[in-house]
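Structure record follows, encoded as structure tokens.
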Amino acid sequence: MRAPALPVPFGLTHLFGGLYAAAYGLGGQQLVAGVVRRMGPVVGLPVLGYGPVVAVGDPALAKQVFSAKPDVLLGGKGVGPAAAIYGSRSMFVQEEPEHLRRRKLLIPPLHGGVLDSYVPIIEAATRAAMSQWPHGRPIRMVDAARELTLEVIVRVMFGVDDPADVSRLGAPFEDLLLLALSDETPVRYAARRLGGLRMWGRLAAVNRRIDDTVLPLIAARRADPGRPAGILGMLVDARGESGEGLSDKQIRDDLVTLILAGHETTATTLGWVVDLLLHHPEALQRVTEEARDGDTAEAGDRDTRYTEAVINETLRLWPPAPITGRMTAGRYQLGDYTLEPGTRIVLLLDVINRDPGSYPDPDDFRPERFLGQRPPASAWVPFGGGLKRCIGAAFAMCELTTVLHTLLREGRLEPVDSRPERPRGRAGPVLVPRNGTRVYFTRADACSGSHRR
């Protein structure tokens, strides 16, 4: 049995593939999610330039895909478009066993007790950001969060504190992110066989700037192992079981991956968290109390359970990167459907996370779902799953919790809009609030009455 397909006008598959790609560009993730909910849980999508594409919105099938052997479903090929931005040597786009070898080298700086050392950096960056936010005028939380999370990730990655250094080192990555989020990237990837990526002058120019920024820092660390260099230094020093390290180019591409992925998705999630809290006052009050109680507690004794439940529920409703993929290496049986070699399986994380069989009232914001219990493993996948699960998940949770507590402990937020945010309609790799989560912010020392003037 072949995978079901979308209706194709007059049977003109390739023509409709172009029309569908254009429709997706305008309708975005919500268009695909709607199609899968009506026709799913497995739907064939003719997308010009991407080959056979199958969208999946079912937790059981997602579990099957995530647990498949890596030589059966290819993780690197499945996220192929990311290679254009992250670089061909990035751990994220490698197949096994190279992916797992590289992953082991990247895990230590992003997990465990080392996360506590980042908390003061995150708090300081948050306070510095708040000091620049206007009083009495709306700010777009997503935009403010992008600036903040870029500063955090640059400080952590390169071990720098001086604002001038942070700005200089972050600038080329910010420009690369703008390209990654632009409508140009998916179009050029679709036309890659025609030179769409090879002849992309803007991308080449940004990559040269990143090389000029990062490679000298790697060389300096190799020459002076005692030189403070943040996570970059840890990657230069990292050694595998056989004593092998990472090449300069591998470190460079992994830094690009960590900075871009950790910057934009965390900022977007913060925007969604703030929006949901401001439209659910009881939840906001509980998180605020937890933030204030934590201010007087030791780092290891802080109670962040409700805050983490709020973040987890936000990620369930609005996973910032709403899709992930695999590619079939040979013929593959997906549930009742046989897929041909070279089929791109696209898992719709936002649909899977709202599975009505896993969550009562799946569209409601209920942080209590995550208190004292684990979510269904295959129905809560904002960080993906399997061997390719997001390596920065623990760091993201640490950063989100720290930023949110600092904001609520030392300031006050009010919504500009009476209605909760909805996603931006246009396609993109990140599920962004349509209006950027507009808020009024007042610092604690200026709080008196309403923020509005």
Side-chain angles (χ1 to χ4, degrees), residues 28-43 55-67 265 268-290 303-324 334-336 346-386 389-390 393 396-397 400-401 404 415 417-423 431-434 437:
Q29 182 67 14
Q30 300 305 296
L31 171 67
V32 181
V35 168
V36 170
R37 288 191 176 101
R38 287 193 303 272
M39 301 180 59
V42 179
V43 178
V56 177
D58 177 77
L61 295 179
K63 181 178 181 181
Q64 177 189 332
V65 170
F66 285 139
S67 60
T265 55
T268 301
T269 300
L270 184 61
W272 285 116
V273 170
V274 167
D275 180 70
L276 287 167
L277 285 177
L278 294 184
H279 290 93
H280 294 84
E282 291 183 4
L284 175 61
Q285 181 61 31
R286 289 189 64 175
V287 174
T288 302
E289 291 173 357
E290 206 168 70
D303 184 0
T304 60
R305 285 175 293 180
Y306 190 76
T307 302
E308 291 176 12
V310 164
I311 295 170
N312 287 336
E313 177 70 342
T314 301
L315 289 166
R316 184 187 70 81
L317 291 169
W318 304 118
I323 64 173
T324 190
L334 179 64
D336 295 331
V346 175
L347 299 174
L348 306 184
L349 308 185
D350 51 340
V351 177
I352 294 166
N353 282 354
R354 296 186 186 224
D355 174 54
S358 303
Y359 302 100
D361 303 313
D363 294 333
D364 291 353
F365 176 69
R366 296 182 182 176
E368 292 74 17
R369 303 182 205 267
F370 294 89
L371 285 178
Q373 57 186 325
R374 289 182 176 273
S378 59
W380 188 79
V381 287
F383 296 111
R389 188 178 189 272
C390 175
M397 289 297 294
L400 286 165
T401 301
L404 192 59
D417 303 309
S418 59
R419 294 183 178 181
E421 282 275 17
R422 303 297 299 173
L431 208 58
V432 180
R434 185 186 303 273
T437 304

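- When all heavy atoms are compared, the tightest approach of G57 to V351 is O-CG1, 3.6 Å.
- Two residues are said to be in side-chain contact when any heavy atoms from C-beta on lie closer than 4.5 Å; P320 and L315 meet this criterion.
- For the ring-ring contact (aromatic ring centres under 6.0 Å, His included) test, no residue two or more places apart in sequence or in another chain qualifies with Y359.
- Between the NE2 atom of H279 and the CG atom of L284 there is a distance of 11.5 Å, given to the nearest 0.5 Å.
- Salt-bridge check for R419 with D417: failed, with every basic side-chain N at 4.0 Å or more from each acidic carboxylate O.
- In this structure, CD on Q64 lies 10.5 Å from CG on L347, to the nearest 0.5 angstrom.
- Side-chain contact between V381 and N353 is present, with heavy atoms from C-beta onward closer than 4.5 Å.
- Evaluated for a side chain to side chain contact (heavy atoms under 4.5 Å, CB included) with W380, the options E313, R316, R369 yield exactly one hit, R316.
- In this structure, the side chain of D275 does not engage the main chain of G271 through any donor-acceptor pair within 3.5 Å.
- With a 4.5 Å cut-off on side-chain heavy atoms, L348 and I323 count as touching.
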Check against side chain to side chain contact (heavy atoms under 4.5 Å, CB included), L400 and T314: CA-CA 11 Å; L400 286 165; T314 301; over 6 Å; no
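- Counting only heavy atoms from C-beta outward, the side chains of W272 and P319 never approach each other to under 4.5 Å.
- Aromatic ring pairs are classed by plane angle as parallel below 30°, tilted from 30° to 60° and perpendicular above 60°; the pair F365 and H280 is tilted.
- Put simply, the side chain of T437 does not reach to within 4.5 Å of the side chain of P415, judged on heavy atoms.
- Note: T324 OG1 to R389 CZ = 12.0 Å, rounded to the nearest 0.5 Å.
- Once rounded to the nearest 0.5 Å, the distance linking CD1 of I311 with CG of L276 reads 11.5 Å.
- Under a cut-off of 6.0 angstrom, the local environment of CD in Q373 is crowded, with over 12 non-hydrogen atoms contributed by other residues, nucleotides or ligands.
- Looking only at side-chain heavy atoms (C-beta outward), D58 and V42 stay at 4.5 Å or farther from each other.
- In this structure a side-chain-to-backbone donor-acceptor pair under 3.5 Å is missing from R434 to E421.
- By the 4.5 Å heavy-atom criterion applied to side chains, T268 and L431 are not counted as neighbours.
- Here the side chains of D350 and W318 are not in contact, with every heavy-atom distance at 4.5 Å or above.
- Environment of CZ in R305: sparse, with no more than 12 heavy atoms of neighbouring residues, nucleotides or ligands closer than 6.0 Å.
- Summarising the geometry of M397 relative to N312, their closest heavy-atom pair is CE-OD1, 3.7 Å, with the distance given to 0.1 Å.
- Each of L278, V310, T401, T307 was evaluated against V273; a single residue qualifies, V310, per the side chain to side chain contact (heavy atoms under 4.5 Å, CB included) test.
- The minimum heavy-atom distance between P367 and A309, with the atom names listed, is O-CB, 3.4 Å.
- A salt bridge does not link R286 to E289: none of the charged nitrogens lies less than 4.0 Å from a carboxylate oxygen.
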